[in-house]
Undergrad: 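I have a structure here, written as structure tokens, and I will follow up with some questions on it.
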Amino acid sequence: MSHIPHSTGPYTVVGLGEALFDCFGERAVLGGAPVNLAVHANQLLRHKNCHGVIASAIGDDPLGERLKKELASRRMTTEHLAVLADLPTGTVQVTVDAAGHPEYEITENVAWDRIEFTDSLSELAGKCSAVCFGTLAQRSPTSRKSIQQFLDTAKHALRVCDTNLRQQFYSAEVIESSLQAANVLKLNEEELTVIGELLQLESRNLSVDEQVAGIRERFDLSVVALTRGEAGTVLYSADERVEGKVPKYPRQPQADSVGAGDSCCAALIVGLLLEKPLAEIVALANRVGAFVASVQGATPELPVEILDRV
Ligand SMILES: Nc1ncnc2c1ncn2[C@@H]1O[C@H](COP(=O)(O)OP(=O)(O)O)[C@@H](O)[C@H]1O
Ligand SMILES: O=C(O)C(=O)C[C@H](O)[C@H](O)COP(=O)(O)O
């Protein structure tokens, strides 16, 4: 595939952006798309000399302490989590409908709104194999600038934009610059429509496949992943369109689909780094996403049955 950098490992997969807790009423669980992504990449590549790393900022508070402990308990480094004295650790109120679909209310002015592009982040950008970022953490000018500097420095790496459009925290400008900086894109069908409208792409009478092809060509993307909940993921490259069967996992009580998209994106990154064929990558992405959607929370331990497929 054009533009997908060849690498033999070791692999460092960076989740860049928001680190937070998803709050279901009083119950707070580890979250933030970049955290979920890094945790899943770390699990999936556990035998391949790989590290999932989160680059973000937290507050000097009990939630920040807990976030560090949770990452450490998964044997992940916390060295790229800046601790800020004057802003709290991020939180999101999540409400889940009867089908397990989440709605998010994201707290403003929190630590991840002030991610600085430090020397240590610059060094990480220079050596990482892949970085995944979205639009949410770019809602503040400071974090937006740092994310863009990171991407400029990580020109050799797989640069994956997981769109994650949330509330009012995105704009045509941020979407445009993010897609320009990326070589891989992940989005869902709703986001496809919004992006088409905001970037004024021609979509009248176009099929979903044609709309995706339009975005892929305009931004010279190697791969686009379209996620479709239980209908599964479709991967598009210049010469392939690949989808697969979506496995069924028994839905646990209190299951929610929070994190399904991030875990699916982690599988995509892992598959691309290991240079697997797209058909194998989509099968893994569907399996991981379906499993995460069948349980509560975004970062469950993945079963060995899945890990052994990597
Ligand atoms: N209910 C489900 N049953 C089976 N697979 C699912 C389900 N929800 C999600 N998945 C899998 O996870 C992927 C990502 O989920 P989705 O909710 O579409 O993510 P997002 O909207 O965050 O991108 C889907 O494309 C699919 O492969
Ligand atoms: O960071 C954000 O954007 C959040 O709102 C916090 C959530 O933990 C993730 O967004 C879940 O992401 P999905 O995998 O798309 O369900």
Side-chain angles (χ1 to χ4, degrees), residues 15-24 28-41 54 56 67 89-108 110 112-113 132-139 143 160-167 169-170 185-195 224-235 242-252 255-268 271 281-300 302 306:
L16 173 63
E18 64 276 15
L20 49 84
F21 279 90
D22 286 327
C23 303
F24 300 77
V29 300
L30 190 64
V35 171
N36 303 338
L37 178 286
V39 166
H40 286 298
I54 174 73
S56 186
L67 205 146
T89 300
T91 51
V92 172
Q93 292 301 326
V94 188
T95 41
V96 179
D97 68 18
H101 299 131
E103 284 275 334
Y104 302 108
E105 197 185 317
I106 300 164
T107 316
E108 299 197 54
V110 293
W112 57 260
D113 285 310
C132 185
F133 67 102
T135 55
L136 176 58
Q138 298 187 65
R139 70 182 179 181
S143 296
V160 182
C161 176
D162 180 351
T163 327
N164 279 336
L165 303 180
R166 300 282 184 252
Q167 293 175 238
F169 301 124
Y170 57 87
L185 168 68
K186 172 197 154 280
L187 78 179
N188 62 30
E189 290 170 298
E190 232 177 296
E191 290 165 341
L192 178 66
T193 307
V194 175
I195 291 175
V224 177
L226 181 73
T227 52
R228 305 177 303 177
E230 54 195 313
T233 304
V234 192
L235 298 183
V242 186
E243 61 180 306
K245 278 176 79 176
V246 185
K248 284 244 174 295
Y249 287 95
R251 189 166 183 259
Q252 291 182 1
D256 59 68
S257 68
V258 178
D262 305 327
S263 65
C264 164
C265 192
L268 169 68
I281 300 178
V282 88
L284 183 66
N286 277 337
R287 193 164 284 279
V288 173
F291 175 77
V292 172
S294 74
V295 300
Q296 193 179 40
T299 53
L302 297 173
I306 294 183

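Order of appearance sets the numbers: ligands from 1, and atoms from 1 within every ligand. Heavy-atom basis, side chains included; hydrogens, waters and symmetry copies ignored.
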Undergrad: At what distance is the nearest protein heavy atom to atom 2 (C) of ligand 2, and which residue and atom is it?
TA: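 In this structure, atom 2 (C) of ligand 2 has E18 OE2, 3.3 Å as its nearest protein heavy atom.
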Undergrad: Distance to 0.1 Å, residue and atom name: give those for the protein heavy atom nearest to atom 25 (O) of ligand 1.
TA: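 For atom 25 (O) of ligand 1, the nearest protein heavy atom is T233 OG1, 2.8 Å.
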Undergrad: What protein heavy atom is closest to atom 27 (O) of ligand 1, reported as residue, atom name and distance in Å?
TA: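 The answer is N286 OD1, 2.8 Å.
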Undergrad: Check if K186 has a non-hydrogen atom at a distance under 4.0 Å from any atom of ligand 1.
TA: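 In this structure, K186 qualifies as a contact of ligand 1 - some heavy atom is under 4.0 Å.
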Undergrad: Using distance alone, decide if ligand 2 has a nitrogen or oxygen within less than 3.5 Å of any nitrogen or oxygen in G259.
TA: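 Checking ligand 2 against G259, an N or O pair does fall under 3.5 Å apart.
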Undergrad: For P34 and ligand 2, does the shortest N/O to N/O distance drop below 3.5 Å?
TA: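 No; the residue has no nitrogen or oxygen that sits under 3.5 Å from a nitrogen or oxygen of the ligand.
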Undergrad: Using a heavy-atom cut-off of under 4.0 Å, does the side chain or the backbone of A293 touch ligand 1, or both, or neither?
TA: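 The side chain, only.
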Undergrad: Before signing off on this row, confirm whether N188 and ligand 1 have an N or O atom pair separated by under 3.5 Å.
TA: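 So ligand 1 has an N or O lying under 3.5 Å from an N or O of N188.
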Undergrad: Just distances here: any N/O of V258 and N/O of ligand 2 closer than 3.5 Å?
TA: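 V258 vs ligand 2: no N/O contact under 3.5 Å.
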Undergrad: So, Q167 side chain and I106 main chain: donor-acceptor pair closer than 3.5 Å or not?
TA: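 Present.
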Undergrad: Considering only protein heavy atoms, which is closest to atom 1 (N) of ligand 1, and at what distance to one decimal place?
TA: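 Answer for atom 1 (N) of ligand 1: E230 CB, 3.7 Å.
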Undergrad: Taking N or O atoms only and a 3.5 Å limit, does N164 qualify as a polar contact for ligand 1?
TA: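 So ligand 1 has no N or O lying under 3.5 Å from an N or O of N164.
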Undergrad: Out of curiosity, is G229 lining ligand 1, as in a heavy atom under 4.0 Å away?
TA: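 In this structure, G229 qualifies as a contact of ligand 1 - some heavy atom is under 4.0 Å.
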